[in-house]
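By convention here, the first residue in the shown sequence is residue 1. Just so you know, these numbers come straight off a predicted model, no measurement behind them.
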Amino acid sequence: MTWFTVALVLVVAAAVILRWRRPAWYWMTFGVTLAALRVAFRYASVMDACGLTVPPSRWRLAFARMTNRPVPESRAPRILRLRPTRTGLVLRLKLRPGQDAFDVSAATDRLRHSFGLYGVTSRELRSGIVELRMTGYDVLKRVQMPAKTDHAPMRVPVALREDGSVHYRDYRTVPHGLTLGATESGKSVYQRNLVAGLAPLDVALVGIDCKQGVELFPLARRFSALADNPDTALDLLEALVTHMADVYQLIRANQRITVDVPDAEIAADIWDLPEDLRPVPVVVLVDEVAELALFASKDDEKRRDRIITALVRLAQLGRAAGIYLEICGQRFGSELGKGITMLRAQLTGRTAHRVNDETSANMAFGDISPDAVLAAIQIPTETPGIAVTGDASGGWARIRAPHTSLREAVNICNKHAERTPDLPALAAFRPAVTPLPSARVPLSKTAPATA
């Protein structure tokens, strides 16, 4: 009995230490079992307390009266599957007749307290099927990306969501994006993760960094074109517009619209072209977009109008030509001048780190979801990297990118420097970089030959 008591004390002490110092390890060893048992034993009573049950049907009441049996109880949604994950539990439910997915979504906070878990989010998979993703600990406190992620063309993992799933930046689904964040909010780290994720892909990276290039120029080996001032940025954007027109001419010439070609093979964008004819897709990263919209003289105003016009044209027409925009900035509002709201309307993906004013949050999510605006302005200053992301569908979530230092991002770009494509239309803006040092010659034990 003494040895059993000692072993029990050691196990409890280990669980307490793991929960304090390594919550992910605690969850995988102890937490997932305890949480699954809590959900299994408390499920019926919790659903009843949260108002997620329906009264028995009439035929069940009639059958109970005819057989002189007790009145049947209210029924909760049926559990289809309970699956543990590395960060929590996934509970798939089949709703009863008369229930709505919104009822489950409105009760997620009460479910979180009732099951003793850190967070609960819900989403409707299809009619009558709802999935609850429950996290056992704060996955955003110490971000650890899973070892294996889904890979697809133009789709890169950049952050971790609050429900434990991976947040992907999918340019095929959401072509253009807007990223906002105040100083020291984690916006630069998010951008580095994006570049590091795109570096191994067959894609051309184009950067505009009006902070004299301090953010993007260290990554120059993987960029096909870079600009560090508004004047160069204007020339680069207009060259991109010309490149876009050339790509459209290529698509027109290879649309295959003759009657002997099936309709499914008619080309309407670069992804419908054969691989040997397909132009390389281009991702344009604009850092500090406000620097492109500010002006102090008439000449600067003319340049500014041309820059915004080029950005709007790329946002409106660039998707089919394989040109995708990633606009970043500390401030993004209508006071930046005409054309800004038109540009924002084309930026489907929205990501907001901590912002200094509610206007920027409204500019990011005001036309998507008021709840996302409230979540964005409530991001605390002591947690850099926390962000709110959403799209035109109205859905939003909290995310956090893993910390990637500038040195790590540079090493990744240098490793994949041979993938940097040469675009003739952007050759004038190709950054001049020194060649990478060659590998060291191994030392030989034999003495060199003398003349």
Side-chain angles (χ1 to χ4, degrees), residues 169 171 174-183 185 187-188 190-191 194 206-211 215-216 227-241 244 282-319 323-370 372-373 376-377 387-392 394 396:
R169 182 68 176 93
Y171 289 96
V174 182
H176 312 301
L178 172 65
T179 303
L180 299 178
T183 303
S185 65
K187 175 172 59 65
S188 297
Y190 178 86
Q191 191 179 59
L194 189 59
V206 175
I208 297 176
D209 182 5
C210 290
K211 292 191 299 185
E215 292 286 351
L216 297 181
D228 61 354
N229 61 78
D231 292 324
T232 309
L234 172 60
D235 297 335
L236 175 56
L237 290 173
E238 291 184 340
L240 278 170
V241 172
M244 178 178 65
V282 179
V283 176
V284 183
L285 294 102
V286 180
D287 193 18
E288 298 303 341
V289 65
E291 287 295 320
L292 299 178
L294 297 177
F295 61 90
S297 64
K298 287 293 184 180
D299 293 337
D300 291 346
E301 184 179 5
K302 293 179 181 179
R303 181 194 62 200
R304 178 253 177 221
D305 291 343
R306 292 172 62 187
I307 288 176
I308 300 301
T309 300
L311 284 174
V312 171
R313 292 189 65 188
L314 290 172
Q316 291 183 151
L317 307 175
R319 182 205 60 83
I323 299 178
Y324 308 102
L325 296 182
E326 197 71 38
I327 307 295
C328 303
Q330 299 183 29
R331 183 77 174 84
F332 197 84
S334 57
E335 70 276 2
L336 294 181
K338 60 181 180 180
I340 288 297
T341 53
M342 184 185 299
L343 176 61
R344 183 196 65 162
Q346 306 296 329
L347 306 177
T348 307
R350 313 284 177 82
T351 302
H353 296 74
R354 177 180 53 82
V355 292
N356 291 328
D357 60 318
E358 187 176 352
T359 305
S360 294
N362 278 320
M363 200 67 175
F365 301 116
D367 57 339
I368 292 178
S369 172
V373 175
I377 62 178
V388 176
T389 184
D391 54 39
W396 63 276

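- In this structure, CG on Asn356 lies 11.5 Å from CG on Leu180, to the nearest 0.5 angstrom.
- Residues Asn362 and Arg344 approach most closely at O-NH1, 3.8 Å, considering heavy atoms.
- Put simply, CZ on Phe365 and OG1 on Thr351 are 6.5 Å apart, with the number rounded to the nearest 0.5 Å.
- Legend: residues meeting side chain to side chain contact (heavy atoms under 4.5 Å, CB included) with Thr183, ordered by chain and number and at least two apart, are Gln330.
- Counting all heavy atoms, side chain and backbone alike, Ser185 lies closest to Ala182 at OG-O, 2.6 Å.
- Within the model, atoms CG of Leu311 and CG of Leu343 stand 6.0 Å from one another, a figure rounded to the nearest 0.5 Å.
- Asp305 and Lys302 are not joined by a salt bridge, as no carboxylate oxygen comes within less than 4.0 angstrom of a charged side-chain nitrogen.
- With a 6.0 Å radius and a threshold of 12 heavy atoms from other residues, nucleotides or ligands, Lys211 has its NZ atom above the threshold.
- Between Lys338 and Glu301 there is no salt bridge, since no side-chain N of the basic residue sits under 4.0 Å from a carboxylate O of the acidic one.
- Within the 4.5 Å cutoff, side-chain heavy atoms of Arg169 are placed close to those of Glu326.
- To the nearest 0.5 Å, atom OG1 of residue Thr179 and atom CZ of residue Phe332 are 11.0 Å apart.
- The backbone N or O of Gly177 sits nowhere less than 3.5 Å from a side-chain atom of Thr348 that would complete a donor-acceptor pair.
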Exercise for the section: Apply side chain to side chain contact (heavy atoms under 4.5 Å, CB included) to Leu237 and Ile307, showing your working. Expected result: CA-CA 7 Å; Leu237 290 173; Ile307 288 176; 3.7 Å; yes

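- Ile323 approaches His176 most closely through the heavy-atom pair O-CE1, 3.3 Å.
- Note: Leu317 CG to Gln346 CD = 8.5 Å, rounded to the nearest 0.5 Å.
- The side-chain heavy atoms of Ile327 and Leu178, taken from C-beta on, include a pair separated by under 4.5 Å.
- Taking both residues in full, the closest heavy atoms of Gly339 and Val312 are given as O-CG2, 3.9 Å, listed atom of the first, atom of the second, then distance.
- Using cut-offs of 30° and 60° on the angle between ring planes, the pair Tyr324 and Tyr171 is tilted.
- For Arg319, the CZ atom sits in a loose shell: 12 or fewer heavy atoms of surrounding residues, nucleotides or ligands are nearer than 6.0 Å.
- Nearest heavy atoms, Leu236 versus Gly207: CD2-O, 3.9 Å.
- By the side chain to side chain contact (heavy atoms under 4.5 Å, CB included) test, Val241 is found to be paired with Met244, Ala310, Arg313, Leu314, residues two or more places apart in sequence or in another chain being considered.
- Looking at every heavy atom in both residues, Ala290 comes nearest to Arg331 through CB-O, 4.2 Å.
- Between the CG atom in Asp287 and the CD atom in Gln191 there is a gap of 4.5 Å [rounded to 0.5 Å].
- Side-chain atoms of Leu285 and Leu194, non-hydrogen and from C-beta on, do get closer than 4.5 Å to each other.
- Taking 4.5 Å as the limit, some side-chain heavy atom of Thr341 sits within range of a side-chain heavy atom of Met363.
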